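Quick caveat: nothing in here was measured; it's all calculated off a predicted structure. Just so you know, these numbers use all the heavy atoms, side chains as well, and skip hydrogens, waters and symmetry mates. Every number for a ligand or one of its atoms is a count from 1 in the order of the listing.
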Amino acid sequence: MWGVVPATMWRAWTPPAADNTILLALRPFLARDGEHVVVVEPGVGARWAEKWLAIYGIERDASVEACLAALGLAPEDVTHVVASHCHWDHIGAQVVERGGELVPLFPNARHLAPRVEIEVAKTPGHARAASYRADDVVPIERAGLLEAYEGDVELLPGLVAHVLGGHSDGVAVITFDEQGAEPAIFWSDVVPTTHHVQPAYIMAYDLDVVRSFEQRSEWLERAARGGWTGLYYHDVDHAFAKLGSDGRRYRSEPLG
Ligand SMILES: [Zn+2]
């Protein structure tokens with residue numbers, strides 16, 4: 001998660017366990033405007049054999065169904081599921097196994113994902129093949145619920161996807177621009193935690209480091225200048241933080 005950042009620095013921000021792993025959140029976000037119920041990445045899901053739960057240390061302390069139920073919502077109420085990219089830790093939960101068959105968890109939702117990410121997920125042999133499962137997208141496609149997006153596109157009024165690449169071939173950030181409210185940005189793995197807010201803090205995992213650096217430099221500056229609120233998928237402690245700058249370095253100001 002920290003690439004070239006010295007361990008003496010990142011150990012203080014994300015303390016490692018004895019096996020050198022760090023704890024990360026897998027946090028879905030919900031957006032509502034009175035008409036639409038939008039899940040921004042449903043999470044890792046339950047389709048995991050014991051072996052893989054152990055290898056990745058996956059602890060499932062809540063499901064996206066339980067989180068929705070706590071808000072009085074059922075999976076059937078969700079109108080849109082938005083993915084920034086198709087890594088299994090972000091979209092695994094959108095497909096469930098029922099009666100031996102793989103089916104969409106959200107049967108009435110349009111599922112939106114970057115075109116190149118859908119293609120990579122369905123094509124084995126990619127350098128990061130271990131991060132994709134065709135089963136996370138094929139059952140959605142079979143149900144006629146999968147829609148590809150490209151470039152910069154307004155998915156719903158005020159909700160815009162921007163395909164950037166870098167971390168993966170087609171990773172996107174999602175901006176929320178509600179009238180009268182300050183803009184917010186779902187960073188996905190472009191800025192995975194509130195500690196990753198300097199442009200050079202790039203994961204070793206990223207496919208194209210130079211592209212990541214360029215995109216992160218541009219978007220962090222834009223967000224800091226605008227005082228945007230960031231939505232953090234992998235940050236254990238903070239779901240939301242405003243981005244600021246002291247002129248030399250960016251600074252996260254957690255909101256919750
Ligand atoms: Zn991730």
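- Under the side-chain contact (heavy atoms from CB on, under 4.5 Å) test applied with V137, the options H111, R142, K122 reduce to a single match, K122.
- Among the atoms of H90, an N, O or S atom falls under 2.8 Å from the Zn ion (ligand 1).
- Counting just the N/O/S atoms of D189, the one with the shortest distance to the Zn ion (ligand 1) is named OD2.
- In plain terms, the two heavy atoms of P254 and S252 that are nearest each other are CD-O, 3.4 Å.
- Screening H195, H90, H196 against H234 for a ring pair (Phe, Tyr, Trp, His ring centres under 6.0 Å) leaves a single residue, H90.
- For D89, the N/O/S atom at the shortest distance from the Zn ion (ligand 1) is named OD2.
- Using cut-offs of 30° and 60° for the angle between ring planes, the Y56 and W52 rings count as parallel.
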